[in-house]
Every structure is written in C-alpha cells, then in structure tokens.
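Heads up: numbering here begins at 1 and tracks the sequence.
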Amino acid sequence: MKYVAMIYGNQAKWDSFPAEEWPAAIARQEAFNAKYRETGELFGAYGLADAAAAQLVRRADGLPAVTDGPYLETKEYLASFYLLDCESLERAQEIAADMPFADVEPVELWPILHESPAADAAGV
C-alpha cells in the first residue's frame, strides 16, 4: 500500500530554528531518507518552496491563467512530502514516527487510494 507523509511548516517556525542547527537537521533528514530508500519503502522525498513562491493555475479559454497564491488563511502550509510504499498501515506509521522531529511536530499520513497505471501498463 502506498502512503503520502506530509510535514507542515511556516516562516516563523523556520526563522526560530537556530541557523547553526540547520546542517545537523538536514543531515538527520538525509539519513532518514537514505535508510528508507535502501529498504525500498521510500519512493521520494520532496521539500517545497515557501508559500510565497506558490501559484494558482486555472484554465481560461483553453489556456493557463496563472495568479500568485495561494493566499493562505492559516500560517501553516505544506512544507514537504514523502511517498512511501509499505506492507501495512502499521509499517507506514512506524516510518512516519521515525522522521526527524516527529517527537516535536506531527507527520500527517494519508493512504493513496488510486494510482494511475504506468505508461507501459496502459499500453502507451
């Protein structure tokens, strides 16, 4: 079963983290990523840009209509996400709990219910 694990953040949280602690924090995260890539349970780990860099894209007259945004009603926004492939929900929970800082901030875990078939499986 596949899962997406998500971490939320905000600029105030990043600003409050001491600059000299960032290298160690990043090293812990990279060690986590390497550990679960080796087991085959981590498909990808993605850190997102600050919310100020996000855009909203709509279609107008068949063309992309792009605006700045989103204009969040909350200070928290999606900061990073991880794609997991685990034998069970319990295993996905174990991996999420093993993330650095999971003892300080929760990790949101969502089952992936649908996946588009790969190009070769779809006959493309």
Q: Go through the steps to decide whether Met1 and Leu113 satisfy the test side chain to side chain contact (heavy atoms under 4.5 Å, CB included), and finish with yes or no.
A: CA-CA 9 Å; Met1 179 87 183; Leu113 298 180; 4.1 Å; yes
Q.
Who clusters with Tyr46? Use side-chain heavy atoms, under 4.5 angstrom, across I, L, V, M, F, W and Y, and order the result by chain and number.
A. Val4, Met6, Tyr8, Phe43, Leu48, Leu78, Phe81, Leu83, Trp110, Ile112
Q) Do Ile95 and Tyr82 touch side chain to side chain, with heavy atoms closer than 4.5 Å? A) no
Q: Could you tell me which non-hydrogen atom of Ala102 sits nearest to which non-hydrogen atom of Ala96, and how far apart they are?
A: CB-O, 3.6 Å
Q. Looking at Glu20 and Pro23, what are the two nearest heavy atoms and their distance?
A. O-CD, 3.6 Å
Q: Locate the shortest heavy-atom distance separating Ala45 from Arg37; write the atom from each residue and the value.
A: N-NH2, 4.0 Å
(Q) Just verifying a value: how many Å separate Phe101 CZ and Gln29 CD, rounded to the nearest 0.5 Å? (A) 8.0 Å
Q) Going only through I, L, V, M, F, W and Y residues with side-chain contacts under 4.5 Å, is there a path from Ile26 to Ile7? A) no
Q: Would you name the heavy atoms of Gly47 and Ser80 that are closest together and state the gap between them?
A: CA-CB, 3.8 Å
(Q) Is there a path of hydrophobic side-chain contacts, each under 4.5 Å between heavy atoms, that joins Val107 and Trp14? (A) no
Q | Sequence-distant partners of Arg91, salt bridge (charged side-chain N to carboxylate O under 4.0 Å, His left out), two or more places apart | A | Glu41, Glu94
**Q.** Heavy-atom closest pair, residues Ser16 and Lys13
**A.** OG-O, 2.8 Å
**Q.** More than 12 heavy atoms from other groups under 6.0 Å of CD on Glu21
**A.** yes
**Q.** Heavy-atom closest pair, residues Ala5 and Leu84
**A.** CB-CD1, 4.3 Å
Q | Nearest-0.5 Å distance, CD of residue Gln93 to OG of residue Ser88 | A | 8.0 Å
